[in-house]
Structures are given as structure tokens and as C-alpha cells.
Amino acid sequence: MKQKPLKKQLIEQFYHKNKLFFTIAIIASLLTGSLNLILSWLIQQLIDAASGSSGCFTLKTLTLISIGFIFLCIGSLLLDYISEPQYIEKAIRQYKDLAFQKLTQKGIASFSDETTATYLSALTNDATSIENDYISQQFTLITKFVMFVGSLGMMLWYSPLMTAISAGLTILPLAASVMTGNKLAPAERKVSDRNKDFTSSLTDCLTGFTVVKSFQAEKEIFQLFAGNNQTLEKEKFHRRRIKNMVSMIGATTGIFAQLGVFIVGTYLSVAGHGLTPGTVIMFVNLMGFLVDPIAELPGLLASRKAAKGLIGKLADALEQNNEKDGGTDIHTLTDGIRLSHVSFGYEENKEILHDISTTLEAGKSYAIVGGSGSGKSTLLNLLMASNSNYSGEIRFDHTELREISSSSLYRLISIIQQNVFVFNASIRDNITMFRNFPKDAIHSAIDHAHLNTLMEKRGDQYLCGENGKGLSGGEKQRISIARSLLKNSAVLFADEVTAALDPQTAYQVSSDILDLKGITRVVITHSLDEALLKRYDRILVMKDGSLTEQGTFDELMAKKDYFYALYTVVQ
Ligand SMILES: Nc1ncnc2c1ncn2[C@@H]1O[C@H](COP(=O)(O)OP(=O)(O)OP(=O)(O)O)[C@@H](O)[C@H]1O
């Protein structure tokens, strides 16, 4: 079945399982509009009764009607109180939940090409605009629509002549609002873009706090922040000014129109054209209900369109860069990973990896070594399906990587990186990644990742702090090893995990990885330690994007070639 466009799906979340409160909120809005019309009629009746005009209800009847009116008002307020906040809360929550779910379905490769600020802004500031200008505004539109249609009907009923005059006078506010209203949508989009820049710079400033302090760059970083802050606020100021201008012009021209109706009505009443004083006042009131929607509608519709634009912008971001997912599921790695004549470049005509062929046998351990910029990470990232624009073949057993579904690939492989992300949750939750596992499995993972000492010292409910600031680098690495073990991955990729660790911890963590049994391990390492290197089944040596040598430590040393030179320089 063809899936609905994401924008449509996101909009549908406003109503999904939320129809009851939405319907009650609509009834409350219809009632509010009708009550305004009833009030105008009631005022007309009361003025005419007071001025002794013929054909109106008696004061006693009008008093009873007024009491009924007050009860209706209370009922309408109660309906509104019960339904609208509930509806809005659920609508915006479901919208954000769906957006976040779609976000988590993105592949690692497609997400790494994007900026987090896009989503931060979309799920915070933009969501607030959508809540105000789309979700809650629906009810304002309904109330205004009822008031407009009702006023027109009542005016025609009482005096077609006065209605024609009133309609003529509405041209003024109508023209003014049409001219100003459509300026709002581009302004709203610009604010959203600046919000994204602001969020992005703020995230940078906070994440890089230590760097800022240690380089005493407070002034410079403040300037960066202040620049983005100023640009954003200027854009918001611009939008506010347009909004105010739209409503100011609408209101002023509306007052002129109402005054015109009042003057013409009084003239017709005095000249004996059958208009009572109450009817003239009612016309002035109804004229307001006629002018108000006309004056405000373009502004409201423009805001609504702009909010819809923000939904579209989020949908586009969620849909963009979605790499084609292969349809084949793989569950294990029996033979290994085979690379045949793999070449790759990030940009066209700029090849980074050249004609790489090798086989990584299942269950064995491999070290990738080489100078800086030689292509080690690029090669490892390709194995994690970071990009499918390579030439040649990468086969997991017999399946070409491009054909493997990303979900089954992520199940098969685990990645440990230099910067382990640790959530501000317990050590246990960080190991299990908030999922349930049998106790034995957790203990075994803790054991094999050599986390016992930490667990005994802190307890498994110890809160790790924001990005694990309560843990050492080695402890974080071990947590990520335990995660991979618990996940029961057949393949483990490690990208310079020990680069930020002291030599002793680095040695221990590398040794922990080498100790793992039955897992295919591919480890990028800069530390050329003989004892460790000797334990790898094979060492792949990269030079300028080519796999220049491969073999065991002893074989490579005996060759006395590039690896030998690399190793002896370090010693
Ligand atoms: N996303 C990218 N876009 C364009 N070029 C890139 C990208 N990532 C890496 N490169 C380039 O590809 C080449 C290989 O980089 P890579 O990170 O794979 O090397 P490396 O051997 O892992 O280096 P190091 O040991 O310093 O981490 C470098 O010239 C690098 O500038």
C-alpha cells in the first residue's frame, strides 16, 4: 500500500484518536460565535424596548431571555475549558512524537549529513508556532466564520438596504488586509530559519564550553552568540511589525467602516426609513463581526499557511537524504566480509580509497593502521553503509552491502567510537540502552567488558551525568563494549577508541576487545604496541587510500616495508 506523504501524516496527528475533544471544541467555537450574534440581537431588543419602539419583546421576556443567555455563555465557557486545552495538548504531543519516531527511523548515514539544529528548532520553536497558528487557531477561524455568516444573514433579514451600504463599506478593510496579509508567510519562514541558526550556535557554545574556557575565547564566543541572537530577534521584530501592521490597518479601517454604518443608519432612522435605534446599534455591532473576519482573515490564513509551511519543512527534512534501504535481511556472519576492488570518493573525481580488496574472516580480529588521512575511518564507515556510492563489491557472506536492510545491518554490527555517548541515566540503563535483558546476560556483558570494579564501586543505579561526566574515558569505553556484547553483535567496529585514553587504560581497553571471542573485530588503532599488535589475526596497513600491506605483525615486520617503517618511527 502506498504510504501517505509525511506532511499529511503529521497533520493527521492533530486529529488521530483525538476526535472527541476536537468535536467538543468545535461545538464550543460554534456556540461562542452564535452567542455574539445573540448578544447583538438582545441589545437591539433592549434598546428598542427602552425607547418604546414597536414590535419588540416585553422587558420581562427579555429578562428571561438574558438569564438563558447567561447560562448558555457559562455552558459554552465550560465546554471550551474542558475540550480545547485537552485537544491542543494531545494534538501537539502526537505531532512531536510522530516526528521524533520518524527521525529515529533515519539511517546513521543520512542523519550524519544533516544538522541537529534543524530538528531542535522544528521540535521546539516551530512546534510552538504550529500550536498557536495552526492548532488553536482553527477554533478562532470557526468562531469568526459563524459570526460572519450569521451577521450577514441577520443584516439581510433586517434591512437589505443597510446591508448593501455595510457591504460597500467593508471594501476598505478588505482591501487593506489583502494587501498586508500575504507578507506574513515569508516573514514566518525567515524566523524559523534564524531560529535554526540560533539553536545551532547555542548548542555549539554549550557543547564546546570547556574549549571556550581553556582558550579564553569567552568574548569571541559571546560575539558569535550575540550575532545570531540579534539576527533572530531582528527577524522576529520584523514579523511582529508585520503582524501589528496587519491588525492595526484592519482595526482602523474597520472603525471607519463601523462609523460609516452608524452615520448612515442614524440618517435613515431619522429620515423615517423604518430603522429603529436598536436596529442601528445592532447593525454597528454586526458590522464589526463582518469586518473583523474580513480584516483578520488574511492575517490568520497567512499565519496558518506559514505554520503549515513549517510542518512541510519538518516533513522535508525527515524525508530528505533517506538512502535507499536494501531489502535483504542478514542475521549472522558465517564466512566473513569480503571487499573486492572497492574504490570510493566523497566528491566526484576525487577518489579517496583506491581498489581495496581483502577478506575479513568471521570471528577474527583485524587492526587497521596507517598515517593520518590515509583513509582508515572512511573504509570502516563504508563497511557500516555510510555511503553506497562506492565501486567494486562489499559482501557480508554472500550478500552485497547495498542490498542489506539497514535495520538488520545495525543488528549485526556494533560500533565503538572515540567519543562514547553516555546518557544521563543509570550505568545499567546505559549498558542496556533502556531495553530489557535477562540478568545473566547483563552480568556476562559487564564481566567481559571488565566493568565489575565500576559496578561494585558505584552500584548499577549510579547516574552517569550529562554525557557521562561522572565517568572516566576508559569507563565510558567499557560501557560501550558492554553495550555491544549485550546486543550480541556478530561484528564489532572500533574507531580509535583509545586515542583519548592514558596508555595503561588504552592498553586495557584494546586488550578487552581482543579478549572477546566469536566476534569479528575491526579496530582502527594508532597505538603501535607490539604485544597488542601481535594478538590481531591480521593487520591492514593503509597508505594514501590504498591497502598497501596486510599480514600478521611478524610477517609485516619481516617484510621491512611501509609497516616496518611506521612501527620503527613510533618506537
Ligand atoms: N566527509 C568527508 N568529506 C570529504 N572528505 C572527507 C570526509 N571525511 C574524510 N575526508 C577526507 O578523506 C581522507 C581520509 O580521511 P579518513 O578520516 O578516512 O582518514 P584516517 O586515516 O581515518 O585519518 P585519521 O587517522 O587522521 O583519523 C582525508 O583526506 C579526509 O580529509
Side-chain angles (χ1 to χ4, degrees), residues 106-118 200 204 211 320-323 337 339 341-358 360 365-392 394 401-402 406 413-421 473 477 480 491-501 503 506-507 509-510 513 521-529 532-533 536 538-551 556 561-571:
K106 268 187 170 264
I108 296 175
S110 76
F111 185 73
S112 58
D113 279 346
E114 296 167 4
T115 60
T116 42
T118 306
S200 166
D204 272 0
V211 184
Q320 88 180 357
N321 285 336
N322 274 343
E323 69 264 40
I337 306 168
L339 292 91
H341 306 291
V342 174
S343 297
F344 170 74
Y346 292 98
E347 294 149 39
E348 238 175 284
N349 303 326
K350 209 172 158 213
E351 202 174 271
I352 299 281
L353 296 180
H354 319 289
D355 195 28
I356 292 181
S357 296
T358 189
L360 309 166
S365 60
Y366 296 85
I368 306 182
V369 301
S372 179
S374 57
K376 302 182 292 295
S377 300
T378 305
L379 177 63
L380 200 66
N381 288 337
L382 273 194
L383 299 181
M384 290 190 300
S386 64
N387 205 310
S388 55
N389 292 331
Y390 54 85
S391 62
I394 302 177
L401 181 57
R402 295 186 189 93
S406 57
I413 59 177
S414 275
I415 169 87
I416 312 179
Q417 282 164 315
Q418 190 178 325
N419 297 317
V420 178
F421 191 84
Q477 291 297 2
S480 78
V491 183
L492 181 68
F493 293 141
D495 192 351
E496 290 181 32
V497 292
T498 57
L501 305 178
Y507 185 91
V509 170
S510 303
I513 295 174
R521 287 141 293 159
V522 184
V523 178
I524 294 180
T525 180
H526 272 150
S527 74
L528 299 184
D529 181 281
L532 284 173
L533 287 173
Y536 287 99
R538 194 143 38 96
I539 300 167
L540 312 178
V541 189
M542 299 288 297
K543 186 185 175 195
D544 299 331
S546 296
L547 181 55
T548 177
E549 291 171 38
Q550 47 182 320
L556 293 171
D561 205 336
Y562 182 63
F563 177 79
Y564 177 82
L566 215 59
Y567 177 77
T568 35
V569 165
V570 176
Q571 302 313 305

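Order of appearance sets the numbers: ligands from 1, and atoms from 1 within every ligand. This structure is a prediction, so every number in the text was calculated from the model and none was measured.
For atom 21 (O) of ligand 1, the protein comes within 4.0 Å by at least one heavy atom. For atom 30 (C) of ligand 1, the nearest protein heavy atom lies 4.0 Å away or farther.
Shown in contact with Ile352 at under 4.0 Å from a heavy atom are these atoms of ligand 1, numbered in order with element: 12 (O), 13 (C), 14 (C). Per-residue contacts place Thr378 under 4.0 angstrom from the following atoms of ligand 1 (heavy atoms of the residue considered): 14 (C), 15 (O), 16 (P), 18 (O). Interface atoms of ligand 1 facing His526, defined by a heavy-atom separation under 4.0 Å, are 25 (O).
Aromatic ring orientation, Phe344 versus Tyr346: perpendicular (interplanar angle above 60°, classes split at 30° and 60°).
At least one heavy atom of Gly375 sits less than 4.0 Å from an atom of ligand 1. Under a 4.0 angstrom heavy-atom cut-off, Lys350 registers as lying outside contact with ligand 1. Not a single heavy atom of Met542 lies less than 4.0 angstrom from ligand 1. Within the structure, the closest approach of Gly371 to ligand 1 falls below 4.0 Å when heavy atoms are considered.
Looking only at protein heavy atoms, the nearest one to atom 25 (O) of ligand 1 is Lys376 NZ, 2.8 Å. The shortest contact between atom 26 (O) of ligand 1 and any protein heavy atom is with Ser372 OG, 2.7 Å. The protein heavy-atom contact nearest to atom 10 (N) of ligand 1 is Tyr346 CE1, 3.3 Å. What sits closest to atom 27 (O) of ligand 1 on the protein, heavy atoms only, is Glu496 OE2, 3.4 Å. At the top of the distance list for atom 17 (O) of ligand 1, counting protein heavy atoms only, stands Ser377 CB, 3.8 Å. Remark: minimum distance from atom 28 (C) of ligand 1 to any protein heavy atom is reached at Gly373 O, 4.1 Å.
Between Leu383 and Leu339, the closest side-chain pair of non-hydrogen atoms falls below 4.5 Å. Counting only heavy atoms from C-beta outward, the side chains of Glu496 and Thr525 never approach each other to under 4.5 Å. When side chains are defined from C-beta on, Ile524 counts as touching Ser377, because their heavy atoms get closer than 4.5 Å. The shortest distance between side-chain heavy atoms of Asp544 and His354 does not fall below 4.5 Å.
Shown here are the side chain to side chain contact (heavy atoms under 4.5 Å, CB included) partners of Ser365, two or more places apart in sequence or in another chain: Leu514, Arg521, Tyr536, Asp537.
Across Gln417 and Gln477, no two heavy atoms sit closer than the pair O-NE2, 3.3 Å. Nearest approach of Leu566 to Gly370, heavy atoms of both residues: CD2-CA, 4.0 Å. When all heavy atoms of Gly551 and Leu556 are compared, the pair lying nearest together is O-CD1, 3.6 Å.
Counting non-hydrogen atoms of neighbouring residues, nucleotides and ligands closer than 6.0 angstrom, the CG atom of Asp561 exceeds 12 such neighbours.
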